2 protein chains.
Amino acid sequence: MLTQKAKYGLKALAVLAEAGAAAPARRATLPIHEIAERARAPRKFLEAILLDLRRHGFVDSLRGKSGGYALARPATQIALSDLIRAIDGPLAPIPCASLTAYRPCVDCAEPADCAIRRVMRQVRDATAEILDGTMLADIATPTPRPAVTALLDAVTERA
Amino acid sequence: MLTQKAKYGLKALAVLAEAGAAAPARRATLPIHEIAERARAPRKFLEAILLDLRRHGFVDSLRGKSGGYALARPATQIALSDLIRAIDGPLAPIPCASLTAYRPCVDCAEPADCAIRRVMRQVRDATAEILDGTMLADIATPTPRPAVTALLDAVTERA
DNA sequence: TCGAATCCCCATCATCCCGATAGGGTTTCG
DNA sequence: CGAAACCCTATCGGGATGATGGGGATTCGA
């Protein structure tokens, strides 16, 4: 399960990406109350999340009046997988199926023989492939055009 | 995350499937202490899980002396996806991306426009495809043959 | 220089889930 | 009858989750 925290984090950074796309000249810096409003996230809670994302190097912060948060890198270079890992931890359904944070199971005799691990590794790989390939820029909607998004949705709906 | 509960459940049913494969004549019925031992699961905890799986129709139980649990259907007809859904709930990372248990997000304006939902739907679909296609029989090891499993593992390892 | 806006940090909180155990009731076989 | 098994309910500690509050530090702009 994606936690609410990670979801707010994604939405917040998407907001930043959108603001950046609107004014490509310099990096958009938004104060937290504005991010919170646009992302529909509780202000105080979001604050903790953004602090965390700053420590992880996803955003830069500017203190003092007219301060705020900005993306540390271009939105085309921030993969959702990294973001989610930073907030929620490994993508794999179980630790023994993780590549980035492998930990053996206590209740399994031979990890190499474990069929469950093998299946969960497949799930992890499939998930990682999607999330590695989806950048922040891909989920930031420059300006929502109803006709296009409805069409796109119909396609994904069918899958 | 796959809960420990679901993992024990999978392992327990795999044990049942293995016992059934060893003696294909009639369905194997094993007492819980034996299942617990082979699956390396705490006996009492497993009891609650198997009770639950019975209510969901995955296993039949026999009461009284020389009783036990048996698969309600052939192991080739029980998909991991159904098992996991029964114990852990929806496969989708977020409720609004679930097919079998859709619930709209409170913090999203237009579900149809939500890019996060779209990505998570992809993840869900990929996960479901793997788990729908993997049957209990696929994770039950009839008799472990080290050479073969090592080879298989090398393949999945590379992925 | 002052003050307001902002980020920064810590502590706390209620609630729920997770993993597990205890104890006793009911059924059935031998 | 009695032993072995399933069945059910209650409980419990610990940790994660989703927040909120208060107050300190920093900086811009008037």
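Chain naming here is simple, since letters A, B, ... match the order of the sequence lines and numbering starts at 1 in each. Everything quoted here is computed from the prediction, not taken from an experiment. Side chains included, hydrogens not; waters and symmetry mates left out as well; all remaining heavy atoms used.
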Nucleotides 1-5 of chain C: which of its N/O atoms have a protein N/O under 3.5 Å away?
unit_1 : atom_1 : unit_2  : atom_2 : d
C:dA5  : N3     : A:Lys65 : N      : 3.4

Margin query: Which residues pass the side chain to side chain contact (heavy atoms under 4.5 Å, CB included) test with A:Ala6, not counting sequence neighbours?
Written below: A:Leu2, A:Thr3, A:Ile87, A:Asp88
Notebook entry, point to check: How long is the line joining CG of A:Leu30 and C1' of C:dC7, in whole Å?
Noted result: 14 Å
Item checked: Heavy-atom side-chain proximity of A:Asp60 to A:Arg54 below 4.5 angstrom -> no
Next item on the list: Determine yes or no for a side-chain-to-main-chain donor-acceptor pair under 3.5 angstrom, with A:Lys7 supplying the side chain and B:Asp107 the backbone.
Entry: no
Using residues 36-49 of chain B as the side-chain source, report each donor-acceptor pair under 3.5 Å to any protein atom, sequence neighbours left out, with the distance given to one decimal.
unit_1  : atom_1 : unit_2  : atom_2 : d
B:Arg38 : NH2    : B:Glu34 : OE2    : 2.6
B:Lys44 : NZ     : B:Glu47 : OE1    : 3.4

Checklist line | Euclidean distance, atom CG of residue B:Asp107 to atom C1' of D:dT17 [Å, nearest integer] | finding: 15 Å
Next item on the list: Would you indicate, yes or no, if D:dA19 has its OP1 or OP2 atom less than 4.0 angstrom from a side-chain nitrogen or oxygen of A:Tyr8?
Entry: yes
Check: Looking at DNA chain C, which of residues 81-91 of chain B put a heavy atom within less than 4.0 Å of it?
Finding: none
Margin query: Tell me if a side-chain donor or acceptor on B:Arg27 pairs with a main-chain N or O of B:Gly20 at a distance below 3.5 Å.
Written below: no
Next item on the list: Could you tell me which residues satisfy ring-ring contact (aromatic ring centres under 6.0 Å, His included) with B:Phe58, sequence neighbours excluded, listed by chain and number?
Entry: none
Next item on the list: Determine the minimum heavy-atom distance between A:Ala75 and A:Met135, stating which atoms define it.
Entry: O-CB, 3.7 Å
Notebook entry, point to check: For A:Asp52 and D:dG18, what is the distance between atoms CG and C1' respectively, to the nearest whole Å?
Noted result: 14 Å
Report each atom pair, protein N/O against N/O of nucleotides 7-9 of chain D, whose distance is under 3.5 angstrom.
unit_1 : atom_1 : unit_2  : atom_2 : d
D:dC7  : OP1    : B:Ser61 : OG     : 2.5
D:dC7  : OP2    : B:Tyr69 : OH     : 3.0
D:dC7  : N4     : B:Glu47 : OE2    : 2.7
D:dC8  : OP2    : B:Arg54 : NH2    : 3.0
D:dC8  : OP2    : B:Arg55 : NH2    : 3.4

Notebook entry, point to check: Can A:Lys5 and A:Asp52 be counted as an ion pair, charged N to O under 4.0 angstrom?
Noted result: no
Next item on the list: Starting at atom CG of B:Leu46, determine the distance to atom C1' of C:dA20, rounded to an integer number of angstrom.
Entry: 12 Å
Check: Could you state the interatomic distance from CE (B:Met120) to SG (B:Cys114), rounded to the nearest 0.5 Å?
Finding: 9.0 Å
Check: Where do B:Ile35 and B:Ala12 come nearest, in terms of heavy atoms and distance?
Finding: CG2-CB, 3.7 Å
Next item on the list: Please report, rounded to the nearest Å, how far the C1' atom of D:dT20 is from the CD1 atom of A:Ile49.
Entry: 13 Å
Next item on the list: Check the distance between D:dG18's P and B:Ile94's CD1 and give it to me in whole angstrom.
Entry: 12 Å
Item checked: Nucleotide D:dT17, atom C1' - distance to CZ of A:Phe45 in whole Å -> 7 Å
Notebook entry, point to check: Between atom CD1 of A:Ile139 and atom CD1 of B:Ile116, what is the distance when rounded to the nearest 0.5 Å?
Noted result: 4.5 Å
Checklist line | Separation of C:dC7 P from A:Leu16 CG (nearest whole Å) | finding: 11 Å
